[in-house]
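Each residue takes its place number in the sequence, starting with 1.
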Amino acid sequence: MLLEICVFNTATAIAAENAGADRIELCENYANGGTTPSYGYLKTVREKIGIPVFPMIRPRGGDYFHTKDEIDIILKDILLCKELQFDGVVFGLLNQDGSIDQENTARLVEAAYPLDVTFHRAFDRCKNPLNALETLVQCGCTRVLTSGQHLKVTDGLDLVKTLVEQANDRIIIIPGSGLNSSNVQHIIDTAGVNEVHTSARIRIPSATAFRNPLMPEDFDIDFVDVDEIKKIKSIINK
């Protein structure tokens, strides 16, 4: 049983590895649902982290329909991740009608080879998840991250279970969103998955001593709950 932790900065990635994470999904911009890490962020994490790391490749927040120029950016970022010797990448492309962008997904999977490819939670925005799963198998994706097309995976467990059965070991289904130490065993038992995903996210106060009262803003920093990661690991390793 494998535990993937989604992180949004280098210090969090290091803390997640030390707490027992098996794999890192590397992102920037939590508020936008995750976007592509910068070159400096990528290179620093690659140098400091020993477990597998899958960078998010998403040029912007918003919807999952991407223009030709944006897809070219995604391709360049995938090739950069190959050059930096990452273990996989994470992306997701949809057409405007809610179907998988099969042509570009297949092309990007081919470009990423031999890296693993996770199709991220754009899947939870697609129109027909069962048809979409078959498309992703045909495209050669390694896994699908999904909450069963609900905000929280606990509400989408029936679909996750159906997807696992339909996948029949042709592609990995990894549940995420709202997964924690209190429900992870139930999710595993119900859906029959072999990998789980969470951010175990907490906020820590900024150490900045001065703040301009005329510029009110949130200086708190995204981090991981190390104890929560350890709890999940102890549960899934029983």
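- Between Lys76 and Asp72 there is a salt bridge, since at least one side-chain N of the basic residue sits less than 4.0 Å from a carboxylate O of the acidic one.
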- Task: Please report the C-alpha distance between Arg60 and Thr35 in whole Å, then the side-chain angles of each, then the deciding distance to 0.1 Å, and finally whether the side-chain contact (heavy atoms from CB on, under 4.5 Å) criterion is met.
- Result: CA-CA 6 Å; Arg60 57 164 174 79; Thr35 55; 5.6 Å; no
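- The local environment of NZ in Lys231 is sparse, with at most 12 non-hydrogen atoms from other residues, nucleotides or ligands closer than 6.0 Å.
- Note on Val137 and Val160: same hydrophobic cluster, where clusters join Ile, Leu, Val, Met, Phe, Trp and Tyr whose side-chain heavy atoms are under 4.5 Å apart, directly or indirectly.
- At distances below 3.5 Å, at least one donor-acceptor pair connects side-chain atoms of Gln166 with backbone N or O atoms of Leu130.
- The hydrophobic clustering, which links ILVMFWY residues whose side-chain heavy atoms are closer than 4.5 Å, places Ile51 and Leu42 together.
- Remark: Glu165 CD is packed, more than 12 non-hydrogen atoms of other residues, nucleotides or ligands lying under 6.0 Å away.
- For Asp101 and Thr105, the side-chain atoms include no donor-acceptor pair closer than 3.5 Å.
- One distance of note links CG of Leu133 with CG of Leu163; it measures 5.5 Å at 0.5 Å rounding.
- Shown here is Gln185, whose CD atom has more than 12 heavy atoms of other residues, nucleotides or ligands within 6.0 Å.
- Panel note: side chain Gln149, backbone Phe123; a donor-acceptor pair is recorded below 3.5 Å.
- Clustering ILVMFWY residues whenever any of their side-chain heavy atoms sit less than 4.5 angstrom apart, transitively, puts Val196 in a cluster other than the one holding Met56.
- Between His197 and Pro175 there is no side-chain heavy-atom pair separated by less than 4.5 Å.
- Scanning both residues, Phe210 and Asn212, for their nearest heavy atoms gives CE2-N, 3.8 Å.
- Under a hydrophobic-cluster definition in which Ile, Leu, Val, Met, Phe, Trp and Tyr are linked whenever side-chain heavy atoms come within less than 4.5 Å, directly or via other members, Phe119 and Ile173 are assigned to the same cluster.
- Contact annotation: the side chain of Cys27 approaches that of Cys6 to within less than 4.5 Å [non-hydrogen atoms, C-beta and beyond].
- A continuous path of hydrophobic side-chain contacts links Leu3 to Ile187 [ILVMFWY only; heavy atoms under 4.5 Å].
- Looking at Asp225 and Arg201, no side-chain N of the basic residue comes within less than 4.0 Å of a carboxylate O on the acidic one, giving no salt bridge.
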- Any chance you could lay out the salt bridge (Lys or Arg N to Asp or Glu O under 4.0 Å) test for Glu4 and Arg143, step after step, and finish with the verdict? CA-CA 12 Å; Glu4 177 179 86; Arg143 60 180 51 75; 5.6 Å; no
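- Around the CG atom of Leu151, the shell of radius 6.0 Å holds no more than 12 heavy atoms that belong to other residues, nucleotides or ligands.
- Asn180 places a side-chain N or O within donor-acceptor distance of the main-chain N or O of Asn183, the cut-off being under 3.5 Å.
- A distance-only check finds a donor-acceptor pair linking the side chain of Lys82 to the backbone of Ala111 [under 3.5 Å].
- For the residue pair Phe8 and Tyr41, the shortest heavy atom distance occurs at C-OH, 3.0 Å.
- Using a 4.0 Å cut-off between charged side-chain N and carboxylate O, Glu17 and Lys48 make no salt bridge.
- For the pair Arg58 (side chain) and Phe91 (backbone), a donor-acceptor distance under 3.5 Å is absent.
- Pairing each heavy atom of Cys139 with each of Val109, the nearest pair is O-CG1, 3.3 Å.
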- Message: For a side-chain contact (heavy atoms from CB on, under 4.5 Å) check, start with the C-alpha distance between Lys161 and Val164, then their side-chain angles and the critical distance, and finish with the verdict.
- Response: CA-CA 5 Å; Lys161 182 175 186 293; Val164 170; 5.7 Å; no
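- Annotation for Ala191 and Leu157: closest pair CB-CD2, 4.1 Å, computed over non-hydrogen atoms.
- When atom types are taken as modelled, the side chain of Asp218 and the backbone of Asp220 share a donor-acceptor pair closer than 3.5 angstrom.
- Formation of a donor-acceptor pair under 3.5 Å by the Asn29 side chain with backbone atoms of Asn32 is not found in this model.
- A cation-pi arrangement, defined by a distance under 6.0 Å to the six-membered ring centre and an angle within 45 degrees of its axis, is present between Arg46 and Phe86.
- Nearest heavy-atom pair across Asn95 and Ile100 is ND2-O, 3.0 Å.
- Here the CD1-OG1 distance, from Ile232 to Thr198, works out to 5.0 Å after rounding to the nearest 0.5 Å.
- Residues Arg203 and Tyr30 are not in side-chain contact: their nearest non-hydrogen atoms beyond the backbone lie 4.5 Å or more apart.
- Taking CG of Leu93 as the reference point, atom OG of Ser99 lies at 11.0 Å (rounded to 0.5 Å).
- When side chains are defined from C-beta on, Ser147 does not count as touching Lys152, because their heavy atoms never get closer than 4.5 Å.
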- Message: Determine whether Leu75 and Leu79 satisfy the following criterion, side-chain contact (heavy atoms from CB on, under 4.5 Å), listing intermediate values before the conclusion.
- Response: CA-CA 6 Å; Leu75 174 60; Leu79 296 178; 4.3 Å; yes
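- Residues Glu228 and Ser181 have side chains that bring a donor and an acceptor to within less than 3.5 angstrom of each other.
- Asp222 is not listed as a side-chain neighbour of Thr12, based on a closest heavy-atom distance of 4.5 Å or more.
- The environment of Asp169 atom CG is sparse: at most 12 non-hydrogen atoms of other residues, nucleotides or ligands sit within 6.0 angstrom.
- Heavy-atom contacts from other residues, nucleotides or ligands closer than 6.0 Å to OH of Tyr113 number 12 or fewer.
- Without hydrogens or angle criteria, Thr142 side chain to Val117 main chain gives a donor-acceptor distance under 3.5 Å.
- For Ala16 against Val7, the heavy-atom pair with the smallest separation is CB-CG1, 4.2 Å.
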- Message: Test side-chain contact (heavy atoms from CB on, under 4.5 Å) on Ile172 and Asn194; report intermediate values, then the result.
- Response: CA-CA 8 Å; Ile172 298 164; Asn194 295 312; over 6 Å; no
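- A salt bridge does not link Glu83 to Lys43: none of the charged side-chain nitrogens sits closer than 4.0 Å to a carboxylate oxygen.
- Salt bridge status for Asp87 with Arg23: absent, with no side-chain N to carboxylate O gap under 4.0 Å.
- The pair Asp97-Lys127 fails the salt-bridge criterion, with no side-chain N (NZ, NE, NH1 or NH2) lying under 4.0 Å from an Asp/Glu carboxylate O.
- You'll find the side chain of Ile5 reaches within 4.5 Å of the side chain of Ile229, heavy atoms only.
- Between Glu25 atom CD and Ile174 atom CD1 the span is 8.5 Å, to the nearest 0.5 Å.
- Residues Ile171 and Leu136 form a side-chain contact, since some pair of their non-hydrogen atoms from C-beta on lies under 4.5 Å apart.
- To the nearest 0.5 Å, atom CZ of residue Phe223 and atom OG of residue Ser199 are 13.0 Å apart.
- No more than 12 heavy atoms of other residues, nucleotides or ligands sit less than 6.0 Å from atom CD of Gln85.
- Under the 3.5 Å distance criterion, the side-chain polar atoms of Thr162 are matched with a main-chain donor or acceptor of Asp158.
- Within the 4.5 Å cutoff, no side-chain heavy atoms of Cys81 are placed close to those of Asp77.
- Looking at His120, its side chain does come within 3.5 Å of a backbone N or O of Ala122 through a donor-acceptor pair.
- For Asp124 and Arg121, the salt-bridge test passes: some basic side-chain N is under 4.0 Å from an acidic carboxylate O.
- The CG atom of Leu26 sits 9.0 Å away from the CG atom of Asn9 when rounded to the nearest 0.5 Å.
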